[in-house]
Asks: 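The structure follows.
By convention here, the first residue in the shown sequence is residue 1. In each ligand, atom 1 is the first atom listed, and ligand 1 is the first ligand listed.
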Amino acid sequence: MSTHRPESRKVTTEGLRRMKKRGERIACLTAYDALMAGILDASGIDVLLVGDSAGTVVQGLDTTIQVTLDQMLYHCSMVTRAVKRALVVCDLPFMTFQVSAEEALRCAGRLFKEAGAEAVKLEGGKPFCGVVQRLTESGIPVMGHLGLTPQSIHHFGTYRVRGEDENEAQQILDDAKRLEDAGAFAIVLEKIPSDLARQVAESVEIPIIGIGAGVDVDGQILVTHDMLGLFTRFHPRFVRRYAEIAKEMGSAFEAYASDVRAGKFPSADESYD
Ligand code: KIV
């Protein structure tokens, strides 16, 4: 693997595949609004995922299950308005792709036409390969998501590491191959052992993007609000905090409140004659 400066040209699904071939790692983060998306894009992040993690880090929900298509349309349209270079991938929220391929196509189509999404992501393997194929054949690139799949939390009942036992590990390997065969352009692997993630990355030609899946994959993604130390309700082991923004914000808000109460804000310079 080589380190490299990101090219300035638009990131595409084909470009990501070339990056994997050249051994260039892919840097991905989440975005939910125009302000943050503009900063992320200008910083050279390759893929911006409008994640349904918006439910937890923006909306204050406990899970992603209640996030709706209308909310994703809103978040995604803000993000695409601000982005010039990164590929914008939007999550298909729970129950937009599970009922039928037709329903999935209608929902993904709305994310494309009304919000400017350039690809969608959906959680799950074998049961959804038909959906992946239908969307891909209709011109909608699909990113898969295996391992820990937060929309299925009530089925699994826990956020434990996935793929630790042999059966589950084999299923993840098989699902990755099936998703590739169905036309997926990339796959997110969440919270699985590093060795298994490496095997998956070696067994398919499409890029494997890890989150809690070790370093031997083709790229990494984190929830932006986690890596900024902005969302602090819990701190998974796989999150490296690159800043402590919540603390910074807290100090700024306290200083402001104290200045207001002491009559120190605004000053003469901050007022009009
Ligand atoms: O919703 C999300 O942000 C995600 C990432 C954690 C991969 O699916």
Asks: Using a 4.0 Å cut-off to any heavy atom of G51, which atoms of ligand 1 qualify?
Replies: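 What qualifies from ligand 1 is 1 (O), 2 (C), 3 (O).
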Asks: State, to 0.1 Å, how close T30 and V223 come at their nearest heavy-atom pair, and which atoms those are.
Replies: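 Where T30 meets V223 most closely, the heavy atoms are OG1-CA, 3.5 Å.
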Asks: Looking at T30, which atoms of ligand 1 are within less than 4.0 Å of one of its heavy atoms?
Replies: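 In order of number, 3 (O).
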Asks: Take a 6.0 Å sphere around CD of E103 and say whether it holds more than 12 heavy atoms from other residues, nucleotides or ligands.
Replies: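 Counting other residues, nucleotides and ligands, CD of E103 exceeds 12 neighbours.
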Asks: Is the shortest side-chain N to carboxylate O distance from R134 to E137 below 4.0 Å?
Replies: no
Asks: Give me the atom names and distance for the closest heavy-atom approach of R25 to V215.
Replies: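 That would be NH2-O, 3.4 Å.
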Asks: In this structure, are over 12 heavy atoms from other groups packed under 6.0 Å from Y159 atom OH?
Replies: yes
Asks: Looking only at heavy atoms, is any part of D52 under 4.0 Å from ligand 1, and if so is it the side chain, the backbone, or both, or is it neither?
Replies: both
Asks: Between ligand 1 and Y32, is the shortest N or O to N or O distance under 3.5 Å?
Replies: no
Asks: With a heavy-atom distance limit of 4.0 Å, tell me whether L49 approaches ligand 1 through its side chain, its backbone, both, or neither.
Replies: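 Near ligand 1, L49 shows its side chain, while the N, CA, C and O stay back.
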Asks: Can you tell me if H145 has a non-hydrogen atom under 4.0 Å from ligand 1?
Replies: yes
Asks: With heavy atoms of D91 as the reference, note each atom of ligand 1 found under 4.0 Å away.
Replies: 1 (O), 2 (C), 8 (O)
Asks: Go through ligand 1 atom by atom and flag the ones less than 4.0 Å from a non-hydrogen atom of K121.
Replies: 4 (C), 8 (O)
Asks: Would you give the length of the straight line joining atom CG of L189 to atom CG of D175, rounded to the nearest 0.5 angstrom?
Replies: 10.5 Å
Asks: Quick check on contacts: which atoms of ligand 1 are under 4.0 angstrom from a heavy atom of I211?
Replies: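 Checking each atom against I211, I get 6 (C).
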Asks: How close do V11 and L16 get, counting heavy atoms only, and between which atoms?
Replies: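 Minimum heavy-atom contact is CG1-CD2, 3.6 Å.
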Asks: Could you tell me whether some N/O pair between S53 and ligand 1 is separated by less than 3.5 angstrom?
Replies: yes
